[in-house]
Structures are given as C-alpha cells and as structure tokens.
Amino acid sequence: MAEQFARFVRGINLGSEGDGVDRLHFGRTPMVCMFFSGFLVLIKYMQIRPMLCWIPYEFTNDNWVEYATYYCYVSNTFLPMSRNVFADNAIEQIDNGDVYWLKYYQWVPLIFISVAIFFYLPRLLWQGVLEAEGINITAMVRSVNGFESALNSASREKQCTSLARYLRAHFSSKKEQTSSGFKKLMGKLCFFSRSDASYVGRMYLVLKCLQVTVSVGILFILNVWLDGYHLYGIKVLISAFQGTYNQTHAFPLVSVCELDKRDLGDDKEYRFQCLLTMNLFNEKIFVLFWFYLVYVAIVTIINAFFWFMKVLTNRNREAYIGMLLRLSKSAEFDINNEDHKVLFKEFVQKYLRPDGVFTFRLINANTTTVVMHEITGKLWNLWKEDKENKEALKSVGSGGAERKAI
C-alpha cells in the first residue's frame with residue numbers, strides 16, 4: 001500500500017512548464033491544503049464529535065440535547081471577554097468588545113480547499129499563454145529527461161540532436177512571424193501586446209506578480225475567519241516565550257453558545273458552554289500553515305525579483321547563452337573569434353530573441369545545466385550551418401546574375 005501511494009504521488013503532475021516555485025504554487029501547496037482538509041474531514045468520520053455542549057437540565061429529551069449541540073456547531077459561538085456577557089440582556093445588546101466571535105470552525109475544510117484553488121488558478125492563465133504561443137514546455141522537458149536517462153552515448157546524441165532540431169523549427173517559425181514596425185511599437189507601449197518577441201516573458205512576469213499577490217494576500221484573506229491571522233505565528237512565538245501560550249483566544253477549547261428555546265407560552269433564552277474538540281487539531285494545523293504560508297511568500301518574492309532581472313535585462317540574456325555555449329563540448333564556438341562574436345549577437349538578438357532565451361531558462365529550470373550545454377551547442381551549430389548555406393546560395397545566385405548581365 002505504501003509503495004502504491006508513493007507511486008501515485010510521484011505520478012502527480014506538479015507542472016513542468018515553470019520553475020520550482022511554480023511547482024510549489026501549482027502542485028505542492030494545493031496538495032498540502034487538500035491533505036489538511038481531508039485530515040479534518042476524516043476525523044469527523046472517526047466518530048470524534050466536533051463539539052460537546054454542557055446542556056441545561058431542562059433539556060430532558062435526548063433529541064433536544066442533540067438539536068442544541070448541532071445548532072451550536074452550525075451557528076457562531078463566542079468567547080466571553082468579560083462577565084457582563086452573562087447578564088440578562090440579549091446578545092445583540094452586548095458590546096462587541098465583551099465577546100470574541102468564533103466564525104471559522106465550521107468552514108475549516110472549505111477554507112483549505114479555497115486556498116488550494118487560489119494557488120492553482122494562475123497556472124490556468126500560464127498554460128493558456130503557452131498554448132496560444134505554441135510552446136510545449138512539457139514535451140521539451142520530457143524529451144530532455146529522456147536524454148538524461150539514456151545510457152548509450154549514441155542514443156543520447158540522437159535525442160539531443162532531435163530536440164535541437166525541434167527548437168530550430170520552433171524559433172524559425174517565430175522569426176517568420178515577425179511583426180511590422182507599427183506592431184512592434186505597440187508591443188513596447190502595451191505590456192500585454194503579443195506583437196513583439198518578449199510577450200511570453202512578460203506574461204511570465206505577470207504570473208509571478210499573481211503568485212506574490214496570492215501568497216501574501218492569503219494571509220490577509222484568512223482574517224475574514226481568523227482575526228489577525230496575518231500576524232498569528234508571531235503572536236504564538238511571543239506567547240510561547242512568555243509562557244502564556246494557553247491563554248491565546250484564537251482557538252479556544254471552550255466557548256459560549258446562545259439558544260432560544262420556544263415553547264407554547266414560554267420562550268426562554270439559554271447560554272451554555274461548549275467544548276470545541278476540533279480546535280485541538282485546528283490550532284496545530286493553522287500554526288503550521290501560517291509558517292508554511294510565510295515560507296511560500298518569502299520564496300515567491302525572492303524568486304519573482306530574480307525573474308524580473310533575468311527577463312528585463314538584455315545583458316543577462318547574452319551572458320546566459322554565452323555561458324551555455326562556452327561550456328558546451330559540441331559547440332563550434334570561439335569567444336575570442338571576432339566573426340563568432342558578431343554571429344553570437346545575431347544568434348541571441350535576432351534568432352532566439354527574448355522569448356527564445358526565456359524558453360531556454362524554463363527548460364533549464366526543469367533539468368540540469370550540463371544537458372542545456374549540449375542542447376545549446378547543437379542548436380548553435382545547426383543555426384550557423386543554415387546561415388552559411390543561405391549565404392552560399394545567395395553568393396551563387398548573385399554570381400549567376402552577374403554572368404547573365406555580362
């Protein structure tokens with residue numbers, strides 16, 4: 001059973017169309033949320049009652065006791081902050097500062113499911129962008145993984161060459177779709193325009209901004225159910241160091257419920273204590289989840305900063321491709337050769353262009369740099385060979401035209 005479960009987990013597609021932080025958002029975080037949600041639902045099926053109430057003796061019928069308990073569970077209970085709460089006045093007349101309302105415990109499984117959906121939604125936008133641009137990163141990564149696992153050197157060489165040819169066909173088709181000058185100008189003015197060669201990279205930066213917004217925003221969205229949750233972990237640490245951890249009010253074990261019992265000619269209001277057994281688990285889970293969300297938020301912000309530097313800086317693109325070519329054993333490339341320097345700038349700026357370099361970075365994020373050395377070297381050789389053949393044909397054509405003129 002354990003082996004089958006491990007095989008199932010390994011088979012889950014965490015998303016190979018991005019880097020490790022993308023997989024953290026699209027795969028691992030939703031899995032963590034679904035695990036917490038499933039665990040809490042499983043506890044209820046294990047006959048562990050989520051709430052036990054101290055019912056007044058007037059409730060002589062067992063059905064009344066069960067009704068009162070379930071009523072208190074589905075309605076919001078409160079934590080009294082002063083003894084004024086137990087006066088005879090109605091709950092509506094009590095000052096809000098005297099009670100702390102508990103609004104979360106019925107919705108905890110759904111809260112985790114909602115968080116999982118929030119983290120996964122940006123992936124749908126990113127997949128739509130890649131499909132619209134005809135970039136199948138998953139297929140490229142699968143091909144690279146096959147190249148890595150090949151033990152035979154001839155098989156490795158064949159797979160590396162076939163992937164390089166696929167990339168050549170992809171970049172050549174994109175080059176043929178070059179936009180007019182007006183569309184290029186509109187592409188520079190409009191961030192979301194598809195008219196220039198940096199659209200995919202810019203949309204990836206939009207994805208990173210969405211990820212930062214989600215990872216930070218979730219901490220504040222949870223304040224709807226848990227007041228001050230964005231600072232909850234800090235409060236827990238402070239209270240733990242001060243030795244007052246059990247006095248926190250976020251997940252109390254005992255709360256107060258108010259119930260109106262209506263009989264013929266006798267309407268009576270009851271307030272009684274309830275034991276929130278689920279808070280034994282909710283407290284530990286939400287503490288762990290707070291630290292996990294803070295970790296995700298910090299990693300996402302740092303990752304987004306570095307991607308902005310990589311995508312928006314032209315010097316970084318040339319340095320990255322130059323590093324891959326210098327370390328490639330198969331590339332016919334000499335950095336000290338002036339002709340190669342000119343060809344290299346053309347290769348990066350006019351052939352690969354920003355989105356081509358960005359595609360290389362995405363593939364590199366899912367494989368080792370050693371593999372990228374060989375793929376880049378093969379692609380450089382193919383491009384240089386195509387360019388030399390075109391120049392040879394041009395020279396032959398121009399020579400024939402000169403002979404005809406003579």
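Everything quoted here is computed from the prediction, not taken from an experiment. For this chain, numbers begin at 1 and follow the sequence in order.
We find the CG-NZ distance between Asp22 and Lys208 to be 3.5 Å, quoted to the nearest 0.5 Å. Rounded to the nearest 0.5 Å, atoms OG1 (Thr300) and CG (Leu210) are 12.0 Å apart.
In this structure, the side chains of Pro252 and Phe78 stay at 4.5 Å or more apart for every pair of heavy atoms. Between Arg326 and His373, every side-chain heavy-atom pair lies at or beyond the 4.5 Å cut-off. Looking at Met51 and Leu275, their side chains never come closer than 4.5 Å, going by heavy atoms from C-beta outward. When side chains are defined from C-beta on, Phe306 counts as touching Ile302, because their heavy atoms get closer than 4.5 Å. Residues His340 and Phe347 are not in side-chain contact: their nearest non-hydrogen atoms beyond the backbone lie 4.5 Å or more apart. The closest side-chain heavy-atom distance from Phe119 to Val296 is below 4.5 Å. Between Lys345 and Glu318, the closest side-chain pair of non-hydrogen atoms falls below 4.5 Å.
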For the pair Glu374 and Ser328, evaluate side chain to side chain contact (heavy atoms under 4.5 Å, CB included) and give the outcome as yes or no after the intermediate values. CA-CA 5 Å; Glu374 299 309 311; Ser328 175; 4.2 Å; yes
Start with the C-alpha distance between Leu222 and Tyr232, add both sets of side-chain angles, then the distance that settles side chain to side chain contact (heavy atoms under 4.5 Å, CB included), and finish with yes or no. CA-CA 11 Å; Leu222 289 177; Tyr232 178 64; over 6 Å; no
Take Lys384 and Asp339 through the test salt bridge (charged side-chain N to carboxylate O under 4.0 Å, His left out) and record every step on the way to the result. CA-CA 12 Å; Lys384 195 156 66 72; Asp339 293 336; over 6 Å; no
Given the rule in the side chain to side chain contact (heavy atoms under 4.5 Å, CB included) test, do Leu121 and Val214 qualify, once you have shown the distances and angles that lead to the verdict? CA-CA 10 Å; Leu121 280 178; Val214 169; over 6 Å; no
Let's go through Leu237 and Phe291 carefully: what are the C-alpha distance in whole Å and the side-chain angles of both, what is the deciding distance for side chain to side chain contact (heavy atoms under 4.5 Å, CB included) to 0.1 Å, and is it a yes or a no? CA-CA 11 Å; Leu237 291 177; Phe291 285 103; 4.0 Å; yes
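The backbone N or O of Leu52 sits nowhere less than 3.5 Å from a side-chain atom of Thr69 that would complete a donor-acceptor pair. Of the possible donor and acceptor atoms, one in the side chain of Gln106 sits under 3.5 Å from a partner among the backbone N and O of Val74. Distance alone, capped at 3.5 Å, is enough to place a donor-acceptor pair between the Ser215 side chain and the Val212 backbone. A donor-acceptor pair under 3.5 Å links the side-chain atoms of Asp355 to the main chain of Val200, judged by distance alone. At distances below 3.5 Å, at least one donor-acceptor pair connects side-chain atoms of Ser114 with backbone N or O atoms of Leu110. Counting only distance, with no hydrogens or angles, the side chain of Asn279 and the backbone of Leu253 share no donor-acceptor pair below 3.5 Å. Panel note: side chain Thr367, backbone Ile363; no donor-acceptor pair is recorded below 3.5 Å. Without hydrogens or angle criteria, Ser37 side chain to Cys33 main chain gives no donor-acceptor distance under 3.5 Å.
The aromatic rings of Tyr204 and Trp126 sit tilted, their planes meeting at an angle between 30° and 60°. Note: Phe112 and Phe36 have tilted aromatic rings, judged against thresholds of 30 and 60 degrees for the angle between ring planes. Under the 30°/60° scheme for interplanar angles, the aromatic rings of Trp380 and Phe333 are found to stand perpendicular. Between Phe39 and Phe35, the ring planes lie parallel to each other; the angle is under 30°, not in the 30° to 60° tilted range.
Looking at Phe251, Tyr292, Phe281 one by one, the single match for ring-ring contact (aromatic ring centres under 6.0 Å, His included) with Phe286 turns out to be Phe251. Of the candidates Tyr320, Trp307, Tyr199, Trp307 is the only one forming a ring-ring contact (aromatic ring centres under 6.0 Å, His included) with Phe358.
Looking at Asp386 and Asn389, their side chains never bring a donor and an acceptor atom within 3.5 Å of each other.
Here the closest heavy-atom approach between residue Asn223 and residue Tyr229 is recorded as OD1-N, 2.6 Å.
Between Cys274 and Cys53, the two SG sulfurs come within 2.5 Å of each other, short of that mark.
More than 12 heavy atoms of other shown residues, nucleotides or ligands fall within 6.0 angstrom of atom NZ in Lys341.
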